[in-house]
Amino acid sequence: MWVREILEKEILQTLVQLYQLDGDNISPTLNVTRTEFEGEYTLVLFPLIPKVRKKPEVMGGEIGDELVNKGIIQSYNVVKGFLNLTLNPQLWTEFIQYVCQTEGYGSAPANGEKVIVEFSSPNTNKPLHLGHIRNILLGWSTYSILKERGYEVIRTQIINDRGIAICKSMLAWQLWGEGKSPADSGVKGDHFVGDFYVLFEQKFQEEYKAWQESDEGKAVYSKDKKEGEEAEGFYKRIKNIYFNQYSVLGRAAKDMLLRWEANDEETISLWKQMNGWVYEGFESTYEELGVSFDKVYYESSTYLYGKEIVQIGEDSGQFYRKEDGSVWVDLTDAGMDEKILLRSDGTSVYITQDLGTAHMRYKDYQAHRMIYVVADEQNYHFDVLFQISKILKEPYAEGMYHLSYGMVDLPSGKMKSREGTVVDADDLMQEVKQEAKNIATDKGEIGTLPVEEQEEIFGKIGLGALKFHMIKVQPKKRMIFDPKESVDMQGQTGPYIQNAFVRIKSIIRKMDEVSDNGLNVDYLPFSLEKELLVLLSEYPIELNKAAQEYDPSIVANFAYKLAKTYHRFYNEHRILSAESEDAKLFRLELSKGVAQVLERSMKLLGIEMPDKM
RNA sequence: GGCUCCGUAGCUCAGCUGGAUAGAGCAACUGACUUCUAAUCAGUAGGUCAAAGGUUCGAAUCCUUUCGGGGUCACCA
């Protein structure tokens with residue numbers, strides 16, 4: 001903010017002074033100058049014309065002259081309605097020293113605001129997949145960026161650990177698990193349990209198929225089929241009815257759920273054991289991804305709480321009960337529908353739990369804002385949730401925000417578990433690391449390092465590629481994830497940015513200490529050097545934008561731009577063997593500043609920088 | 001169908017709170033490593049910014065309509 005802030009202030013002053021404009025009423029448009037013109041910043045003159053009533057050429061000259069007089073700029077040129085400013089180079093020398101000397105350049109001091117970010121939030125019946133990865137990376141980066149900009153941020157997730165799904169896994173394990181555990185079968189806990197969920201579905205399908213051939217199945221078909229309905233379509237349609245009314249396995253799973261809800265000791269203990277396995281698995285995936293949480297909520301302990309909230313709403317007349325006992329809220333005034341909050345049998349639905357969880361969180365933390373990182377298929381759900389919170393006049397209602405992101409597709413289309421096209425998170429991370437290894441082995445100085453260090457670097461590069469690939473896309477946009485592209489390490493990728501950093505590190509290793517003394521303020525930077533300086537000066541502004549808009553892709557694209565400009569600079573100019581001592585010192589300082597900002601911005605995206613690659 | 005999001009180069013994406021001739025990467029082709037790490041750089045080629053109207057000094061960007069695609073509209077989560 002350093003350079004732009006100074007410049008904007010001076011320009012405003014100049015406008016007030018020259019044309020007697022009301023300083024509170026104008027906000028001059030100051031852009032970064034396009035590379036084909038001379039200068040670093042450009043003042044757009046068009047909006048000023050009606051106020052000043054002068055031709056842009058004249059006005060530009062007057063403003064430019066005055067800024068030169070003030071010593072802030074060295075020179076200027078006017079092209080059509082654009083006033084291009086070339087800053088006083090001393091400003092840049094001071095600026096780069098400021099960047100290098102400021103620990104955490106780009107960060108903002110604590111602002112006293114508290115934010116809760118919810119992300120990941122898996123079910124315990126399946127391992128994490130590609131969709132979770134996008135969610136987790138988004139949540140994590142948003143957390144980091146907000147923290148960097150001075151917020152107190154609490155990372156949380158809500159785990160869906162109860163319900164019919166986990167009961168299916170439990171039942172399958174009881175029936176066919178032969179008492180095995182993840183440890184003695186050598187399978188990661190979450191995959192172990194997920195496999196039993198899949199096994200249940202398989203066995204259920206087999207059972208269903210057999211039933212369709214049975215007398216009972218045929219009888220139901222001829223009795224309940226619609227006019228002209230084929231058997232195949234019919235059985236597809238009534239799958240849930242079959243599960244609930246006829247299926248032996250379905251009956252058993254539902255009994256299991258009832259026993260769970262009745263707190264049956266044996267059931268609870270099996271449930272704890274299997275969920276425990278899952279959590280171990282999740283934990284290792286999170287660790288591999290480099291993320292962690294401050295607080296975990298479990299639906300098993302929040303779902304009942306939601307009922308109390310509903311009760312309060314009913315008592316105060318905000319909600320109403322229908323004849324069958326179900327409880328509803330009318331949101332038609334807000335342009336939405338009526339929404340059920342409790343089933344006729346008194347059990348809670350999805351949104352009931354969310355109402356309870358939100359309330360519980362506020363009690364725990366009194367956060368000013370609560371951000372939910374959840375895919376865009378749930379947009380309506382969150383509109384409803386937020387609206388109900390407003391109706392209940394919850395103190396946190398205004399601070400709720402749904403960070404909605406588009407689903408991840410494969411080049412072949414949507415991921416479908418039934419067709420086995422779901423990309424597993426653990427597999428994917430292994431693959432990108434392996435790919436990094438394949439590419440890296442004959443590059444740079446890696447081969448000379450100890451094996452452990454090599455592995456660490458492969459991890460940083462592989463995950464850097466994967467994470468950058470996913471974060472660079474705007475959250476709300478649906479993205480197509482091509483596995484081939486995600487392991488790309490050239491061009492607009494994580495490793496490309498890491499490579500810029502590594503080059504700087506290498507130079508610094510080779511720098512002789514003696515020459516490291518003060519900069520000459522009279523050094524005149526080349527245009528590529530000035531491009532880098534402008535980018536560095538814009539960094540805090542970009543970061544702030546990313547924080548305000550909850551959009552980490554802004555940071556990713558900024559880091560890429562900075563790395564790209566540095567690569568160009570690196571090819572164009574010598575550093576250690578620069579044409580003069582002044583140039584060398586300036587470039588070293590500039591490189592250090594770039595390295596610092598690259599490392600710090602990538603860190604916000606959860607991407608680590610290797611020193612060598 | 002109602003509501004909502006998206007549509008920019010062959011592909012993946014930037015640019016969107018209006019500013020100069022719409023940018024990157026991948027893929028294709030040409031060049032640059034005895035010189036600070038070539039995971040790099042330079043160059044060639046590639047566009048009716050889905051379409052049509054409107055707002056204005058100026059529109060990929062804002063408004064309206066149309067077309068195409070996704071999501072959602074459960075006593076599922």
Side-chain angles (χ1 to χ4, degrees), chain A residues 29 31 33-34 36-37 42 44-47 49-50 56 79-82 84 123 160 163-165 240 299 322 324-328 335-337 339-351 353-354 375-381 383-384 404 406-407 409 411 414 436 439-440 443-446 461 465 469 472-474 476-482 484-486 488-500 502-511 545 549 553-554 556-557 560-561 563-564 566-578 584 587-588 591 612-613:
Chain A
T29 313
N31 294 340
T33 305
R34 297 180 60 117
E36 58 266 40
F37 299 97
T42 295
V44 184
L45 299 172
F46 298 106
I49 295 174
V79 182
K80 292 194 265 181
F82 301 92
N84 301 316
N123 300 333
N160 182 354
I164 193 72
N240 275 333
E299 278 187 0
K322 287 193 176 173
D324 63 4
S326 54
V327 178
W328 296 72
M336 291 173 239
D337 301 319
K339 183 77 190 172
I340 187 161
L341 300 175
L342 278 185
R343 295 194 187 97
S344 48
D345 64 2
T347 57
S348 55
V349 293
Y350 185 44
I351 202 154
Q353 304 166 18
D354 275 346
D376 63 7
E377 59 184 349
Q378 294 195 35
N379 283 353
Y380 182 68
H381 170 76
D383 287 347
V384 169
S404 163
M407 312 261 270
D409 286 329
K414 291 184 71 165
I439 294 177
K443 287 204 158 128
E445 302 163 6
I446 285 196
I461 297 174
H469 183 70
K472 72 178 182 186
V473 181
Q474 265 178 39
K476 75 172 175 183
K477 290 205 177 174
R478 204 176 175 86
M479 71 176 283
I480 296 175
F481 182 90
D482 188 338
K484 286 204 297 288
E485 285 174 16
S486 72
D488 268 348
M489 317 243 162
Q490 288 174 359
Q492 196 177 22
T493 67
Y496 173 94
I497 298 167
Q498 290 169 326
N499 185 231
V502 162
R503 284 177 144 179
I504 297 172
K505 283 287 160 184
S506 178
I507 288 172
I508 290 172
R509 277 196 299 272
K510 294 192 165 101
M511 169 184 84
K545 198 172 153 202
E549 297 178 15
S553 75
I554 292 173
N557 286 306
Y560 170 70
K561 210 166 159 188
K564 182 174 172 58
Y566 190 82
H567 277 308
R568 280 204 292 141
F569 161 74
Y570 182 93
N571 271 274
E572 182 96 5
H573 299 286
R574 306 294 306 163
I575 297 166
L576 290 178
S577 52
K584 176 177 161 185
R587 286 173 195 162
L588 276 171
S591 298
K612 296 174 179 172
M613 66 191 288

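Chain identifiers are assigned alphabetically (A, B, ...) following the order of the sequence lines, protein sequences preceding nucleic acid strands; residue numbering begins at 1 within each chain. For clarity, every value in this text was computed on a predicted model and none was experimentally measured.
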Open item on the list: So that I can tick it off, tell me whether A:D409 and A:R478 are bridged by a salt bridge, with the cut-off set at under 4.0 angstrom between side-chain N and carboxylate O.
Closed with: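 The answer is yes: the pair qualifies as a salt bridge.
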
Could you state the [atom1]-[atom2] distance from [X] to [N], rounded to the nearest angstrom?
{"X": "A:F46", "N": "B:rC57", "atom1": "CZ", "atom2": "P", "result": "12 Å"}
{"X": "A:I507", "N": "B:rU40", "atom1": "CD1", "atom2": "C1'", "result": "12 Å"}
{"X": "A:L45", "N": "B:rG58", "atom1": "CG", "atom2": "P", "result": "17 Å"}
{"X": "A:N379", "N": "B:rU4", "atom1": "CG", "atom2": "P", "result": "12 Å"}
{"X": "A:Y566", "N": "B:rA24", "atom1": "OH", "atom2": "P", "result": "21 Å"}
{"X": "A:I351", "N": "B:rA77", "atom1": "CD1", "atom2": "C1'", "result": "12 Å"}
{"X": "A:M479", "N": "B:rC13", "atom1": "CE", "atom2": "C1'", "result": "10 Å"}
{"X": "A:N31", "N": "B:rG18", "atom1": "CG", "atom2": "P", "result": "11 Å"}

Any side-chain N or O of [X] less than 4.0 Å from the OP1 or OP2 oxygen of [N]?
{"X": "A:R503", "N": "B:rA38", "answer": "yes"}
{"X": "A:K484", "N": "B:rA27", "answer": "no"}
{"X": "A:R34", "N": "B:rG23", "answer": "yes"}
{"X": "A:R568", "N": "B:rG43", "answer": "no"}
{"X": "A:K443", "N": "B:rA39", "answer": "yes"}
{"X": "A:K80", "N": "B:rG19", "answer": "no"}
{"X": "A:Q492", "N": "B:rG23", "answer": "no"}
{"X": "A:K477", "N": "B:rA14", "answer": "yes"}
{"X": "A:Y496", "N": "B:rC41", "answer": "yes"}
{"X": "A:K476", "N": "B:rC6", "answer": "yes"}
{"X": "A:K564", "N": "B:rG23", "answer": "no"}

Task: Residues which pass side-chain hydrogen bond (donor to acceptor under 3.5 Å, both in side chains) with A:Y496, listed by chain and number, not counting sequence neighbours - done: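 If we apply the side-chain hydrogen bond (donor to acceptor under 3.5 Å, both in side chains) test to A:Y496, skipping adjacent residues, there are no hits.
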
Open item on the list: Going by the glycosidic torsion and a 90 degree boundary from 0, is the base of B:rC5 oriented syn or anti?
Closed with: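 Here the answer is anti: the torsion falls beyond 90° from 0.
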
Task: Set of salt bridge (Lys or Arg N to Asp or Glu O under 4.0 Å) partners for A:R568, sequence neighbours left out - done: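 Once residues adjacent in sequence are excluded, the partners of A:R568 under the salt bridge (Lys or Arg N to Asp or Glu O under 4.0 Å) criterion are A:E531.
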
- [ ] Answer yes or no for this row: A:F37 ring on B:rA20 base, centroids under 5.5 Å, planes under 30°.
- [x] yes

Open item on the list: Ring centres within less than 5.5 Å and planes less than 30° apart: is that true of A:F82 and B:rG19 in this structure?
Closed with: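 No, the aromatic ring of A:F82 does not stack with the base.
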
- [ ] Determine, for A:W328 and A:K322, whether the Lys NZ or Arg CZ falls below 6.0 Å from the six-membered ring centre while staying within 45 degrees of the axis.
- [x]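 Relative to the ring axis of A:W328, which defines the angle, A:K322 lies inside both limits.
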
Open item on the list: For a quick check of understanding: with a heavy-atom distance under 4.0 Å over all strands, which category does A:S553 fall into, base, sugar-phosphate or nothing?
Closed with: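 The answer is nothing, as A:S553 stays clear of every strand by at least 4.0 Å.
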
